[in-house]
Amino acid sequence: MVRAAIRGIWEHKLRTLLLVLSIVAGVSFVAGSLIFTDTIGGSFDALFEGAFEGIDIRINPDVEQGFTNLQPAFDANVLTIVESTPGVVDTWPGVGGLVNLSIDGEVQSIQGPPNFALSWEGDPTLTLAEGRGPQGPTEVAIDTTARERYDLAIGDTIGLAATGAISDYTVVGVLEGFGAGPALFTFDLATGTKVLGLDGLYTTIDVTVEDPTLLQEVLDDLTSRLPDGVLAVDAQAAAEEQAAQLKQALGFIQTVLLVFAGISVVVGVFVVYNAFRTVLGQRTRELALFRVLGATKQQLVTSVIVEALVIGLISGVAGLIGGILLATAARAAFSLFGGSGLADGGLVLAPGTFVTAFGVGMAVTLVSALLPAARASQVSPMAALATIDKPPRRLTKQLVVGSVLGVPGIVLVALTGLDRVNLLTGGIGALAILIATYVFGAIIGRPFVRTIARFLGNTPVRKIATDNAARSPRRTGATAGALMFGVAFVVAVSVIVVITQKTATAVLEDAVSAELTIQSAGADPTAGVSPEIASIVGELDFVAATQSSRFAQGSINGESTFFGSFEPETVEQTYFFDEVQGDWSDLIGETVAVQRAQADEFGLAPGDPVTIDLGTGPEQWTVAVVWDYSSSVDDTQGFYLPTSTLADRFPQGNVVSIGVKLTGGTDPDQAKATIAELIRTDYPFANVTTQDELLADIQGQLLGLLAFVFVLLAMSIFIALLGIVLILLLSVFERTRELGLLRAIGSTRVQIRAMIRWEAVFVSILGALMGVVVGTFIGWGLSGSIFGAGFSFVIPWTWIGLGLIASIVAGVLAAILPARRAANLNILEAIAYE
Amino acid sequence: MTTPAARAVGATKIYGEGDTAVTALDDVTVEFAPGQFTAIMGPSGSGKSTLMHCLAALDDLTAGSVFLGDTELTGMGDRQLTELRRDKIGFIFQSFNLIPTLTARENITLPAAIAGRKTDAEWFDQVVEILGIGDRLSHRPSEMSGGQQQRVAAARALASRPEIIFGDEPSGNLDSKSGAELLGFMRQAVDVFGQTIIMVTHDATSASYADRIVFLADGRIVDEMFDPTAEKVLDRIKTLEA
């Protein structure tokens, strides 16, 4: 019997191949995600093994890493304190910050990791790979990352500047780089200070101690001596922590990948389950014959399980190979987007990956086969003798299961849409709805197909296709259901992204009145631009006002937050406000302007005291203004300080952006061209954009995100389509005699092919429509929790339309193979079948 | 008197309920002697197949009881019935006797394989030789003629030395020459090995190979005949239909 099962796998090669493919796709995704993240994680380990080697303590400002440009610096007093601390041997004060790069007169504005300027005077944290260290005002040593990323060599001349005019530097050496992340450009301390505009200031001090066993004592001593806002940290612990932070980020990537991999595995389970059910249904007589000959129910179950296990094993092996291919492709894509050098070594194949790949392969097939196997074992021996078909079973069970899951699911998602329950609850509700819809597919499949057919008009071919699709409602429902999953996810994600887009653009459209924005053209927009640009541009006669914004990070009443900034003089000219409580002219010195939502949350009104900490210890400030944009705007950043105060506190920092309000009747494009020309020479890294360009930019970014999600979901949809191919093939096999009869009485091959094609299209439209309806609802519900109740809902009609068209095309494609099979049946053999 | 190989006592089988109820067997009591070849005849709907299915542990009765040797089948659980079929009963159907993915040899040894037993090689060779399928053993069902397939089915039924073999129109799908050959082999199995066979048929010629014929009509036994010939059977059918 087991032999018969295995022989069956071999005999039906095409069927097995498709089954295996449906499982392999998901397994590959899982294995690929693991291999990819393990490989990157492995290179992180190697990366940080050497970091901070040779130093014991690092002194740096007490600010979370984030906007690198915001890192405050400290003055020479700190250096004196450190040098005079007992136990300290050597000190290497240094500076670091974002820098802009220009090669052959071209400003390098790439998407990806930033460029970082650093002082280096031979301290042991960096190692020379080639050439020598930088000396004097015109020399720079780059790291291997910069060398590879920008294709540089010793002797090249490059332009560098933090904000102002570009200076040329000659590359004299190459340092061992980290392989990923920022590209390094190192100068001697004096030059570095000049480049970054940090006269008399430092951002780090590296320290070695006399007796490493007394490290903790020295650290404690330093901590008590250093002023607020400056930290002394164990260099080794810092290196480990940085590695841990990166690994945590990597863990997040892994989770995201595995979630999408999980979706495709689940779709695989549904496809394989449906296929097993159908195959076993077709083998009823064979199974009954086994029973007649004395096989027990248990033996029938075992034979099906063995079949499943063999397929699962094959899928595990193939999935592992597929995973390696996927990981290789992902790594290639990763290098393309700035991760070059990272993960260049061999792929990491952890034992866990093997176990998971085989485990998932086996689990998918076993779970999918268990129910059909149990049902198959119930077959009566009498079925071996029967020649008539069993009457269709009622769908009561589907109705009950669907309702029991669907109704609470709808309630939960609806509550999420009204922001009454959290995202997780909404997710559980969404899952319940998806399963309920899958189950309901069997019930609505038949009337749905009939309706579409009536709508299209009944030709004989379409009539037969309709009847075929409606003949086995459970099978049709399950096949369409697998597709529904993928489509629902795509639609739900597009709903959320489109709403995000609307929210993001609403800030620009309904809150910002300035027509132009000046920002850094460099890779990292938070690098900012020189504050002097505002005064130059302000002189122009077609400029009505400028608004310079800075950023800071810190905390308000103990809650950590980012701060934006306003210039009170021009704020009403450059923004639209619906509500202003207090007077903008009061926003000066140690005061803060708070948006309405945050004011309500923190219970703040003009005149109230607040505790603000900008990384230099808590201070008592005052609320000057509570304001609100128009209701369409949902700005998560609710606290704004006076720009002038931030400029005083962080004199080395740049302004992040300058808004430019034009006088009435000025053409923004014209104004943009004039300003760009004016500042080009002195501020080559400042970029002038119009509102329209910013809008397009935001849309482009979200489109990129959407595309990324679609790529991740493509696997699930691919598996669902394999499911359609599989089921159609099985149906063609099952209807061999019918098809032979149709051919015998004069149907042409073209008609037979059209028949199968229509059936596929019916199934795929059913799946796509279910997915669209369910996905839109789930997208709406989850948005409620993400954007808060009363968000403005948008249905992404374009995406839905494209999705439906794609489904029809996919249905036609899925039908190619089964249709060819059906059309090429030998008529005589088909009728003489058995 | 020796214990009959199989017997039915007051066997009644009713399909469906209420208005749509159909009585397939109506209080049938009958015995089948061991080592005998019995044919059950009757027109369509006479209940002959139902009687065989119930005797063969494939279907259960509405009322009455069925015995195989000393064993009462009525009230047995699925597991016991399954083991009974496996160990004591052989089957030859009209069609779809063989598993399409297995070779002739594998099909013949299938019941033993299911039971986890080794096939008696000597007995296997003997059966294969008598049925003349020695050169077909490595072929799949699709590579054999209908007659050959039925002979493989007969070999399978004999291979496990069952107490009783049931045939359901075993020659029904065969041309007259192949049919005659198959029935000849079945006759031989009874004469040479003392095999008990019960066969359902509506064909007088097929029935004439039997030692005894039981006639059924409307779910009741209406007549029986010993040592039949085709002419005698046809005459009797005419009388019964009259």
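All values below come from the heavy atoms of this structure, side chains included, with hydrogens, waters and symmetry mates left out.
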Counting only heavy atoms not in [X], do more than 12 sit closer than 6.0 Å to its [atom1] atom?
X: A:R749; atom1: CZ; value: yes
X: B:D218; atom1: CG; value: no
X: B:H202; atom1: NE2; value: no
X: A:K297; atom1: NZ; value: yes
X: A:R821; atom1: CZ; value: no
X: B:D70; atom1: CG; value: no
X: B:R140; atom1: CZ; value: yes

Problem set entry | For A:L289, the option from B:L110, B:L98, B:I99 that meets side chain to side chain contact (heavy atoms under 4.5 Å, CB included) |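 Of all the options given, the one that passes is B:I99.
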Exercise. Counting a contact as any heavy-atom pair under 4.5 Å apart, which residues of residues 72-84 of chain B contact chain A?
Worked result: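 So the qualifying residues are B:D78, B:R79, B:T82.
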Problem set entry | Minimum side-chain heavy-atom gap B:L58-A:R291 below 4.5 Å |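 A side-chain contact under 4.5 Å is absent here.
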